[in-house]
Structures are given as structure tokens and as C-alpha cells.
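Shown next, in C-alpha cells, is the structure this report addresses.
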Amino acid sequence: MRSSDAVPAVPPGTVDGSGPLGGRRLADDLWVDSETAQDRVRVRVSGQIDLDVAGPLYDTFERALHASSTGVDVDLSAVTFCNSTGLNSLLCLRLAALRTGRDVVITEASAQVGRLLAITDTRELFVPGPDGRSGQRGPGHTPS
């Protein structure tokens, strides 16, 4: 491997080397940062989501869901890879949220995640609807 091809030891946007925006490292190539904003928890994910990290990532999502009173906003704009296992984690989180009267909204998505949501026809499950809840078609709104 040429040195120009090497993956940086610290992802872009890090301050202290722990991950983007000081996030928590779940795996070699996955960082998660969360914050509470009013009655919701925002979770930002950076890196690659696959079978190896799906369990710890779901656990993180579930903790965020239980810490919120209305739901979780998920920012996937820095996700470089997400396969069906990652999508399954999001769908399971959505079901858990619906059972408790909460929702899950994908506020931003990388091009790769956007393609995955489009080809699986699941994008609208995570878009806020006219009443602000996910799973309903919002006029002209799609995750970026």
C-alpha cells in the first residue's frame, strides 16, 4: 500500500483523536457521538456500518431511544459504508421506537446510505411527516 493510500489514524474532524467531534469509538472504523436536544437525542455516526459493528451500534441507538421522550434523530452523513445489516439495525430501532410511541428520523445521509435507503424503498420510514413524526411522507422532504 502506498502511503498516500493509507487510511488516516484519526478521522477528519477530530479534536482529540477519539473520533469525529469527540465521539466514542465503537470499532476500528466506526465512531458515534450523541447529544440531547430538548425531548430528542441526536446520534451522529461516522465510518463503516457492517455485521461486525451492528450489535454495538444498535445498543447505542437503543440507549439514545430510552434517553429521549419523543425519539432519535440520526445523522448518517459521515457514514462511508452501510450494508443490509446496518439497515436492519435502523429498522429494528424504528420498531422499538414505535412500540414506545417514539420515532426515528434520519436527518442526513451520505450518498451511499441514501442509495441503500432508495433501493430498499425504506427512505420514507425515516422521514418526518406533516405531523413531525417519521414513517409518513413529508412534502418534498428527503434525507440529504
Side-chain angles (χ1 to χ4, degrees), residues 5-144:
D5 293 336
V7 176
V10 177
T14 61
V15 175
D16 60 3
S18 62
L21 305 171
R24 188 166 61 99
R25 186 178 208 164
L26 292 184
D28 286 343
D29 50 6
L30 184 71
W31 291 265
V32 177
D33 180 32
S34 63
E35 63 185 353
T36 302
Q38 296 174 342
D39 56 353
R40 300 187 66 79
V41 175
R42 178 184 171 121
V43 178
R44 290 175 285 195
V45 182
S46 175
Q48 299 183 15
I49 304 172
D50 59 18
L51 180 61
D52 293 335
V53 300
L57 181 61
Y58 180 79
D59 292 344
T60 299
F61 284 151
E62 192 172 45
R63 281 192 298 278
L65 180 63
H66 291 297
S68 74
S69 59
T70 62
V72 179
D73 295 327
V74 182
D75 179 346
L76 300 172
S77 61
V79 171
T80 57
F81 177 81
C82 183
N83 63 14
S84 60
T85 308
L87 176 60
N88 188 56
S89 292
L90 290 166
L91 292 170
C92 287
L93 177 67
R94 180 179 179 272
L95 288 176
L98 293 175
R99 282 197 269 320
T100 61
R102 299 175 182 128
D103 68 343
V104 177
V105 173
I106 296 177
T107 58
E108 298 198 39
S110 65
Q112 198 277 332
V113 172
R115 281 191 301 276
L116 177 64
L117 295 172
I119 63 174
T120 58
D121 199 25
T122 54
R123 180 185 313 261
E124 291 180 10
L125 298 176
F126 301 99
V127 175
D131 66 352
R133 306 285 296 171
S134 68
Q136 299 179 22
R137 192 175 302 228
H141 184 283
T142 58
S144 29

Is a side-chain N or O of Thr107 found less than 3.5 angstrom from the main chain of Val74, in a donor-acceptor match?
yes
Of the non-hydrogen atoms in Gly71 and Leu65, which two are nearest, and what is the gap between them?
CA-CD1, 4.4 Å
Is any NZ, NE, NH1 or NH2 atom of the basic residue among Arg44 and Asp33 found under 4.0 Å from an Asp or Glu carboxylate oxygen of the other?
yes
When rounded to the nearest 0.5 angstrom, what is the spacing between CH2 in Trp31 and CD in Gln48?
9.0 Å
Return the CD1 to CG distance between Ile49 and Asn88, rounded to the nearest 0.5 Å.
12.0 Å
Using the rule side chain to side chain donor-acceptor pair (under 3.5 Å), only one of Asp73, Thr36, Asp75 pairs with Arg42; which is it?
Asp75
Heavy atoms only: give me the nearest Val43-Ser34 pair and the separation to one decimal.
CG2-CB, 4.1 Å
Between CG of Leu117 and OG1 of Thr122, what distance do you get to the nearest 0.5 Å?
4.5 Å
Determine yes or no for a side-chain-to-main-chain donor-acceptor pair under 3.5 angstrom, with Thr70 supplying the side chain and Asp39 the backbone.
yes
For Tyr58 against Ser89, the heavy-atom pair lying closest together
CD1-O, 3.6 Å
Considering all heavy atoms, the nearest Gly114-Ala109 contact
N-CB, 4.2 Å
What distance separates Asp50 CG from Asp29 CG, expressed to the nearest 0.5 Å?
6.5 Å
Do any N or O atoms from the side chain of Arg40 and from the backbone of Val72 form a donor-acceptor pair under 3.5 angstrom?
yes
Spatial distance of atom CG (Asp103) from atom CG (Leu93) [nearest 0.5 Å]
10.0 Å
In Å and rounded to the nearest 0.5 Å, what is the CG to CZ distance from Leu116 to Arg123?
10.0 Å
Taking Thr80's backbone N and O only, do any of them form a donor-acceptor pair with Ser110's side chain (distance below 3.5 Å, no angle check)?
no
Any heavy-atom pair between the side chains of Leu91 and Phe126 that's under 4.5 Å?
yes
May I ask you to decide if Cys82's main-chain N or O and Gln112's side chain share a donor-acceptor pair within less than 3.5 Å?
yes
